[in-house]
Amino acid sequence: MSEPSEITNKNWLMVAVLGFIWGGTFMVVAIALEGYGPVTVATARTTLGALTLILLMGATGRKLPTTTRGLWPSIIVIGILSTALPFLLLSWGQQYVPSAFAGLSMAAIPLMVLPLAHFFSDEPLNARRFVGVSLGFAGALVLIGPGLAQLGQGAEPLAQLACIGAALCYSCASIFTRRCPPVDPVVLAALTLLVGAAILLPIMLVTEGVPNWHGARPSLAIIALGLVPTAFATLLRVSIIRSAGSVFLTLVNYQVPIWSMVFGAWVLSEALPIRFYVALAMILTGLAISQWFSLRRMLAGR
C-alpha cells in the first residue's frame, strides 16, 4: 500500500499530540507507582485500555474477526509482547530508574526493528541503515553503560535492563504485527490489550492482591494511563496512519524521548546526567540516518 501523499496541518497537530502523550506516559507511570505496586499499575493500565476499546468496538459496530489461519495465535503473541510483558517490565523498572531513562529507552525501538526486519521480513538492512542502527545502539550503550558495570550491585542496573527489555518486546511485537493476518487495527488493539489483561490480572491478585484506593494523585494517574496513552493514543495512531501514512507516524519516535526528559526534569524534578543527553543525540541521529530517504520523501510531499 502506498503512503498517502497529502499531509495536512491537522496531521502535523495529531502527530505532535501523540508524541506529547506517549512522551508523558513515563511520568504518569512514575506518579502511579507512588501509591501502587508495579503489577497493579501494569494490570490497571491494560485492563482499562482493553475495556475502553471493547466499548468502542461495540459503539462503532466493529465485530470480532473471523477465524483466519494464524490470526488468534498472532493476537496472543502480540498481546504478550506489546502489552503484558513490556508494561510489567516498565512498571517494575521505573521503581528504580528515572522516568526519563524509560522514555529514552523507547527511542531505540525503531532501531531494534530494523535488524529484526532484516531476518524476519523482506526489509534488508542496507549499509545506510546499518550505520544508523550501529550509532543508535552505541547511544543505548552510553545510556546503560554505568549500569552494566554495576550488575549485581542493587536493583537499578536490572531496572535499566528491564526498560531496554521492554523496548525489545515492542520491537518484536512490531514484526509480529506486520506478519499478522489482516484485521481492523482498533479490533487488534482491543484484543491484544485483552490478552494482556487476562495474563496480568491473576499475577496481580497473587502478588499484590486486590488494589485499594491510595489517594487521588496515584489513582488518577492509573486511570489516565488506561484511557489516554493506552486507549485514546491507539485511536490517534490509527487515524494518523490512515490519513498521512506509517512513515509520517515515525516522527513520533523523535518526540517521545525529548518529552520524557522534559516531564522528568520539570515535573518530577529528576536529575538528568550528561550521558542522557549524549545518548539522546546519538539515538536520534542514528534513527534519522536509518530513515533518511523515507523522511526526505515524506517532507518533500509536505
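Positions are given from 1, in the same order as the sequence printed here.
- The salt bridge (Lys or Arg N to Asp or Glu O under 4.0 Å) contacts involving residues 34-48 comprise Glu34-Arg217, where partners must be two or more places apart or lie in separate chains.
- When all heavy atoms of Ala197 and Thr47 are compared, the closest pair comes out as CB-OG1, 3.6 Å.
- For the atom pair Leu81 CG and Ile76 CD1, the distance stands at 12.0 Å (nearest 0.5 Å).
- Rounded to the nearest 0.5 Å, atoms CD (Gln94) and OG1 (Thr25) are 9.5 Å apart.
- Centroid-to-centroid, the aromatic rings of Tyr96 and Trp92 come within less than 6.0 Å.
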Side-chain donor/acceptor pairs under 3.5 Å, residues 104-111, sequence neighbours excluded:
unit_1 : atom_1 : unit_2 : atom_2 : d
Ser105 : OG     : Phe101 : O      : 2.9

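- Hydrophobic clustering (side-chain heavy atoms under 4.5 Å, transitive across Ile, Leu, Val, Met, Phe, Trp, Tyr) groups Leu13 together with Leu236.
- A donor-acceptor pair under 3.5 Å links the side-chain atoms of Glu208 to the main chain of Val39, judged by distance alone.
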Verdict with supporting geometry, Leu193 and Phe87, side-chain contact (heavy atoms from CB on, under 4.5 Å): CA-CA 11 Å; Leu193 282 168; Phe87 286 3; 4.3 Å; yes

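- With Gln255 contributing its side chain and Gly23 its backbone, the two residues share no donor-acceptor pair below 3.5 Å.
- Linking ILVMFWY side-chain heavy atoms closer than 4.5 Å, directly or via other members, places Ile274 and Phe276 in a single hydrophobic cluster.
- The CG atom of Leu191 lies 10.0 Å from the CG atom of Asp184; values are rounded to the nearest 0.5 Å.
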Could you walk me through whether Ser99 and Val29 satisfy the side-chain contact (heavy atoms from CB on, under 4.5 Å) test, starting with their C-alpha distance in whole Å, then the side-chain angles of each, then the deciding distance to 0.1 Å, before giving a yes or no? CA-CA 8 Å; Ser99 65; Val29 169; over 6 Å; no

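- Taking hydrophobic clusters as Ile, Leu, Val, Met, Phe, Trp and Tyr residues chained together by side-chain heavy-atom distances below 4.5 Å, Trp266 shares a cluster with Trp259.
- Applying the salt bridge (Lys or Arg N to Asp or Glu O under 4.0 Å) test to every pair with at least one member in residues 187-206, sequence neighbours left out, gives no pairs at all.
- Under the 3.5 Å distance criterion, the side-chain polar atoms of Gln95 are left unmatched by any main-chain donor or acceptor of Pro38.
- Nearest heavy-atom pair across Leu272 and Ala100 is CD2-CB, 3.5 Å.
- Not a single donor-acceptor pair under 3.5 Å links the side chain of Thr40 to the backbone N or O of Tyr36.
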Applying side-chain contact (heavy atoms from CB on, under 4.5 Å), run through Leu227 and Phe232 and close with a yes or a no. CA-CA 6 Å; Leu227 298 180; Phe232 174 70; over 6 Å; no

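- Side-chain contact between Leu56 and Val186 is present, with heavy atoms from C-beta onward closer than 4.5 Å.
- The heavy-atom pair separating Pro65 from Val187 by the smallest distance is CD-CG1, 3.7 Å.
- Taking CD1 of Ile199 as the start and CG of Leu85 as the end, the distance is 9.0 Å to the nearest 0.5 Å.
- In this structure, the separation between SG on Cys180 and CD1 on Ile78 is 4.5 Å, given to the nearest 0.5 Å.
- In terms of heavy-atom proximity, Gln160 sits nearest to Val97 at CG-CG1, 3.7 Å.
- One hydrophobic cluster, built from ILVMFWY side chains closer than 4.5 Å, cannot hold both Met57 and Leu51; they sit in different ones.
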Test log, rule side-chain contact (heavy atoms from CB on, under 4.5 Å), inputs Ile222 and Val41: CA-CA 6 Å; Ile222 276 188; Val41 172; 4.2 Å; yes

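- Using a 4.5 Å heavy-atom threshold, the side chains of Leu188 and Thr177 count as touching.
- By the 6.0 Å contact criterion, CZ on Phe176 is open, its count of non-hydrogen atoms from other residues, nucleotides or ligands being 12 or less.
- No single ILVMFWY cluster, assembled from side-chain heavy atoms under 4.5 Å apart, contains both Leu235 and Leu55.
- Note that CG of Leu194 is 10.0 Å distant from CD1 of Ile75, once rounded to the nearest 0.5 Å.
- Between the side chain of Arg128 and the backbone N or O of Ile289, at least one donor-acceptor pair lies under 3.5 Å.
- Proximity of a side-chain donor or acceptor of Thr192 to a complementary backbone N or O of Ala189 within less than 3.5 Å is detected.
- The heavy-atom pair separating Gly215 from Pro218 by the smallest distance is O-CD, 3.7 Å.
- The two atoms that bring Leu90 and Ala166 nearest to each other are CG-CB, 3.7 Å, heavy atoms only.
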